[in-house]
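Below is one structure, written out as structure tokens, with a few remarks after it.
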Amino acid sequence: MAVSAAAKKFAGQVSQLLKKHYPDAKCSLNFSTPLELLVATILSAQCTDERVNLVTRELFRKYKDVAAYAEAPPKDLEKAIQSTGFFHNKTKSIQGCCETLLERYNGQIPQDIGKLVDLPGIGRKTANVILGTAFGIASGVVVDTHVSRLSQRLGLSQEKTAEKIEQDLMDQFPKKEWIVLSHRLIQHGRKVCAARKPSCGKCPLEAICPKVGVEGKG
DNA sequence: CTCCCGATAT
DNA sequence: ATATCAGGAG
């Protein structure tokens, strides 16, 4: 699908206003290596970054490399990450990833979207976070719960699935903006354009926002 | 589509 | 009580 010039112009306005208001938006998950970011991002599913950072402070002290996660008794890992929710699934994902990394990639994290998505528990969202934030590779736009919601409200996409929303965003924003755009949209979604009670009065995008689906408008 | 799941705000 | 939080798999 070709994108209209009007759509790209609107995207440019969004981009400019976000840049002005969130000049140095960055990843809010604490990490010091690509592996730590991979683990933190798996833990971040349906959980606040604040909670993830609380858990990983101890977790990263105990598990230093891929082998440490792969060899750990599952019960130990489950206990360590319990408070982030979905802990059975997340433990299987972390250990499955680390086992596969040892088997196929000599314990290294591949810098390739296809290979990352092929790992257990890694979808496009997590893969885009790892590539963009750990390696500086613009493989796509990170579409999480915040980016999905903001894309709808701003009228950037009418699609429902994360995959289709991501394609719409990639079509409207230049590739060089994808990584920082993701961080800015997420920060804006957390602080201003919140799910339940959006602070439209304090929103820097107020003047151009169609407010699709926002109560009182739409 | 459903299921996984604890912590917090409303 | 219920919605929501940097999702992914079956």
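Note on naming: letters A, B, ... go to the chains in the order of the sequence lines (proteins, then strands), and numbering restarts at 1 for each one.
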Legend entry - Point-to-point distance, once rounded to the nearest 0.5 Å, from OG1 of A:Thr133 to CG of A:Leu38: 12.0 Å

Inset, instruction - May I ask you to list the residues of residues 17-37 of chain A, by number, that have any heavy atom positioned under 4.0 Å from an atom of DNA chain B? - result: none

Legend entry - ring pair (Phe, Tyr, Trp, His ring centres under 6.0 Å) contacts in which one or both residues fall within residues 158-201 of chain A, not counting sequence neighbours: A:Tyr22-A:His188

Legend entry - Pairs meeting criterion side-chain hydrogen bond (donor to acceptor under 3.5 Å, both in side chains) with involvement of residues 147-161 of chain A, two or more places apart: A:His146-A:Arg149, A:Ser157-A:Asp168

Legend entry - Rounded distance (Å) that lies between atom C1' of C:dG10 and atom NZ of A:Lys92: 12 Å

Legend entry - Those residues of residues 175-182 of chain A lying under 4.0 Å from DNA chain B by at least one heavy atom: none

Inset, instruction - For A:Asn53 and A:Ser28, indicate whether the former's side chain and the latter's backbone hold a donor-acceptor pair under 3.5 Å. - result: yes

Inset, instruction - Please state the P separation for the pair B:dC4 and C:dA6 - nearest whole angstrom. - result: 23 Å

Legend entry - Length of the CG-P vector between A:Leu116 and C:dG8, whole Å: 12 Å

Legend entry - Neighbours of DNA chain B within residues 136-166 of chain A, by heavy-atom distance under 4.0 Å: none

Legend entry - 5' priority, DNA chain B, between A:Gly85 and A:Lys197 [closest heavy atom]: A:Gly85

Inset, instruction - Taking A:Asn106 for its side chain and A:Gln108 for its backbone only, find out whether a donor-acceptor pair lies under 3.5 Å. - result: no

Inset, instruction - Check whether any side-chain N or O of A:Glu99 sits under 3.5 Å from a backbone N or O of A:Glu71 as a donor-acceptor pair, and report yes or no. - result: no

Legend entry - Sugar-phosphate only, base, or nothing, as touched by A:Arg51 at under 4.0 Å among non-hydrogen atoms: sugar-phosphate

Inset, instruction - Could you measure between the two P atoms, the one in B:dC5 and the one in C:dG10, and give it in whole Å? - result: 14 Å

Inset, instruction - Could you tell me whether a side-chain N or O of A:Glu166 sits under 3.5 Å from a main-chain N or O of A:Val141, the two making a donor and an acceptor? - result: yes

Inset, instruction - Grab the NZ-P distance between A:Lys90 and C:dG7 for me, whole Å please. - result: 8 Å

Legend entry - Range on DNA chain B touched by chain A, heavy atoms, distance below 4.0 Å: B:dC4 to B:dT10

Legend entry - Sequence neighbours excluded, every pair satisfying salt bridge (Lys or Arg N to Asp or Glu O under 4.0 Å) that has a member inside residues 82-95 of chain A: none

Legend entry - A:Asn30 vs A:Arg57, side chain to side chain contact (heavy atoms under 4.5 Å, CB included): CA-CA, chis, key distance, verdict: CA-CA 8 Å; A:Asn30 293 337; A:Arg57 196 174 62 176; over 6 Å; no

Inset, instruction - Under the salt bridge (charged side-chain N to carboxylate O under 4.0 Å, His left out) rule, what do A:Arg124 and A:Glu163 come out as? Steps first, then yes or no, please. - result: CA-CA 8 Å; A:Arg124 275 200 69 91; A:Glu163 191 177 345; over 6 Å; no

Inset, instruction - Enter the distance from A:Asp144:CG to A:Ile186:CD1 here, rounded to the nearest 0.5 Å. - result: 4.0 Å

Inset, instruction - With rounding to the nearest 0.5 Å, note down the distance linking CG in A:Leu156 to CG in A:Asp171. - result: 11.5 Å

Inset, instruction - If a pair satisfies ring pair (Phe, Tyr, Trp, His ring centres under 6.0 Å) and one of its residues is in residues 81-112 of chain A, list it, with sequence neighbours excluded. - result: none

Legend entry - All pairs passing salt bridge (Lys or Arg N to Asp or Glu O under 4.0 Å) where residues 21-50 of chain A contributes a residue, at least two apart: A:Asp49-A:Arg190

Legend entry - Residue pairs passing the ring pair (Phe, Tyr, Trp, His ring centres under 6.0 Å) test where at least one lies in residues 57-77 of chain A, sequence neighbours excluded: A:Tyr63-A:Tyr69

Inset, instruction - Identify the heavy atoms of A:Arg51 and A:Ser83 that sit nearest to each other, and give their distance. - result: CD-OG, 3.4 Å

Legend entry - Chi angles and distances behind the side chain to side chain donor-acceptor pair (under 3.5 Å) call for A:Glu177, A:Ser15: CA-CA 8 Å; A:Glu177 294 182 7; A:Ser15 185; 2.7 Å; yes

Legend entry - Strand contacts (DNA chain B) in residues 38-50 of chain A, 4.0 angstrom heavy-atom criterion: A:Gln46

Legend entry - Separation between CD1 of A:Ile109 and NZ of A:Lys115, rounded to the nearest 0.5 Å: 13.5 Å

Legend entry - Contact list for DNA chain B against residues 56-83 of chain A - heavy-atom distance below 4.0 Å: A:Gln82, A:Ser83

